[in-house]
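All residue numbers in this chain count up from 1 along the given sequence.
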Amino acid sequence: MKKDGTGGANTNKTGLAFERRTSLEDAFLQADFKVDGFKIYDASELVAELAPKHQFYKFLESREVPWRERVSKRLLPDDAIYSISGNRMTVIEKKWQEVSGSVDEKLQTVGFKIRQYNRLLDGTGVDFKFVYLLNDWFAKPEYDDVREYIIECGATYHFNAVPLEELEL
């Protein structure tokens with residue numbers, strides 16, 4: 001979204017830059033993990049699998065989940081990671097904003113997204129966690145109710161980075 005503007009074509013430029021700056025792969029590399037494709041290793045031990053965007057559905061298909069029968073439209077997580085030791089899929093949705101706009105309402109869809117991801121993972125035995133990664137715009141007091149709602153729905157949120165401890169590797 002353009003500063004002092006109404007969004008549009010520039011929304012993707014600024015939002016995508018935030019997504020690149022908050023890359024899980026980069027965070028693991030900086031923490032001395034090895035990244036090989038979508039696999040995360042601590043020394044030689046496989047500890048996690050990255051499953052962003054369409055890779056999430058490859059993860060489901062590897063577990064023979066009939067996802068097309070469970071949801072009418074795909075959800076494409078900005079980032080997702082499956083922790084092997086925790087047997088948990090953590091979906092991370094990244095939201096960046098610098099003026100009021102449509103992202104305000106997108107945060108309020110957290111309950112629906114949790115419902116859909118739980119439908120997708122039903123029967124796999126995989127636990128699920130939903131996390132918002134927000135920029136500082138959302139730390140303002142006018143977002144207190146939305147942040148409270150995120151927690152009430154069973155999700156969490158962080159500003160600018162997700163602590164790796166949250167991913168239970």
Novice: Report the distance from atom CD of Glu69 to atom CZ of Arg119, rounding to the nearest 0.5 Å.
Specialist: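 These two atoms lie 12.0 Å from each other.
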Novice: With a distance cut-off below 6.0 Å to the six-membered ring centre and an angular limit of 45° from the axis, does Lys94 pair with Trp96 as a cation-pi contact?
Specialist: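 No cation-pi geometry.
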Novice: Which heavy atom of Ile150 sits nearest a heavy atom of Val110, and at what distance?
Specialist: CA-CG1, 4.2 Å
Novice: Using a strict 4.0 Å threshold on nitrogen-to-oxygen distance, state whether Lys53 and Asp79 make a salt bridge.
Specialist: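 Looking at Asp79 together with Lys53, the answer is no, because their closest N to O distance does not fall below 4.0 Å.
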Novice: Output, in order, the C-alpha distance, side-chain angles, deciding distance and verdict of side-chain contact (heavy atoms from CB on, under 4.5 Å) for Glu93 and Lys95.
Specialist: CA-CA 7 Å; Glu93 286 296 326; Lys95 299 299 177 202; 4.1 Å; yes
Novice: Tyr57 and Leu120: which non-hydrogen atoms are nearest, and at how many Å?
Specialist: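 Taking every non-hydrogen atom into account, OH-CD1, 4.0 Å.
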Novice: For Met89 and Ala80, work out which heavy atoms get closest and say how close.
Specialist: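 Nearest heavy atoms, Met89 then Ala80: SD-CB, 3.9 Å.
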Novice: Donor-acceptor pair, distance only, cut-off 3.5 Å: does the side chain of Tyr132 make one with the backbone of Ala155?
Specialist: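 A pair under 3.5 Å: no.
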Novice: Side chains of residues 31-42: which donor-acceptor partners sit under 3.5 Å, not counting sequence neighbours?
Specialist:
none

Novice: Report the C-alpha distance between Leu121 and Leu60 in whole Å, list the side-chain angles of each, state the deciding distance to 0.1 Å, and finish with yes or no for side-chain contact (heavy atoms from CB on, under 4.5 Å).
Specialist: CA-CA 8 Å; Leu121 291 167; Leu60 293 175; 3.8 Å; yes
Novice: Mind listing the closest non-hydrogen atom pair of Pro77 and Val91 along with its distance?
Specialist: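 Scanning both residues, the minimum pair turns out to be CB-CG1, 3.6 Å.
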Novice: I'd like to know whether CD of Glu152 has more than 12 heavy-atom contacts from other residues, nucleotides or ligands below 6.0 angstrom.
Specialist: yes
Novice: Could you report the tightest heavy-atom contact between Trp67 and Arg74, atom names first, then the distance?
Specialist: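 Looking at all heavy atoms of both residues, the shortest contact is CH2-NE, 3.1 Å.
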Novice: Hey, mind stepping through Phe128 and Ile114 against side-chain contact (heavy atoms from CB on, under 4.5 Å) and telling me if it holds?
Specialist: CA-CA 8 Å; Phe128 173 71; Ile114 289 170; 4.3 Å; yes
Novice: Between Leu133 and Leu29, is there a shared hydrophobic cluster once you connect ILVMFWY residues whose side-chain heavy atoms come closer than 4.5 Å?
Specialist: yes
Novice: What side-chain donor-acceptor pairs closer than 3.5 Å can you find for residues 162-169, not counting sequence neighbours?
Specialist:
unit_1 : atom_1 : unit_2 : atom_2 : d
Glu166 : OE1    : His158 : NE2    : 2.6
Glu166 : OE2    : Lys129 : NZ     : 2.7
Glu166 : OE2    : Thr156 : OG1    : 2.9
Glu168 : OE2    : Arg88  : NH1    : 3.1

Novice: If we ignore hydrogens and angles and just use 3.5 Å, is the side chain of Asp122 paired with the main-chain N or O of Asn118 as donor and acceptor?
Specialist: no
Novice: Counting C-beta onward and ignoring hydrogens, is there a side-chain heavy-atom pair between Leu50 and Tyr82 closer than 4.5 Å?
Specialist: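 Answer no - side chains too far apart.
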Novice: Working to the nearest 0.5 Å, report the span between CD of Gln108 and SG of Cys153.
Specialist: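 Reported value, rounded in 0.5 Å steps: 10.5 Å.
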Novice: For the residue pair Tyr149 and Tyr143, is the inter-centroid distance of their aromatic rings smaller than 6.0 Å?
Specialist: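 Tyr149 vs Tyr143: aromatic centres not under 6.0 Å.
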Novice: Can you sort out the partners of Phe159 under side-chain contact (heavy atoms from CB on, under 4.5 Å), two or more places apart, ordered by chain and number?
Specialist: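 side-chain contact (heavy atoms from CB on, under 4.5 Å) list for Phe159, sorted by chain: Leu134, Asp136, Phe138, Ala139, Arg147, Tyr157.
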Novice: Are any side-chain N or O atoms of Ser23 and backbone N or O atoms of Asp26, one a donor and one an acceptor, separated by less than 3.5 Å?
Specialist: yes
Novice: With a 4.5 Å limit on heavy-atom distance, are the side chains of Phe112 and Gln116 in contact?
Specialist: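 Answer yes - side chains close enough.
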Novice: Do the non-hydrogen side-chain atoms of Thr90 and Val131 ever get within less than 4.5 Å of each other?
Specialist: yes
Novice: In Å and rounded to the nearest 0.5 Å, what is the NZ to NZ distance from Lys106 to Lys113?
Specialist: 8.0 Å
Novice: OG of Ser62 to CD of Glu49: how many Å apart, nearest 0.5 Å?
Specialist: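 Interatomic distance, Ser62 OG to Glu49 CD, rounded to 0.5 Å: 6.5 Å.
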Novice: Give a yes or no on whether Glu105 atom CD has more than 12 heavy-atom contacts from other residues, nucleotides or ligands under 6.0 Å away.
Specialist: yes
Novice: Any side-chain heavy atom of Leu24 within less than 4.5 Å of one from Ile81?
Specialist: yes
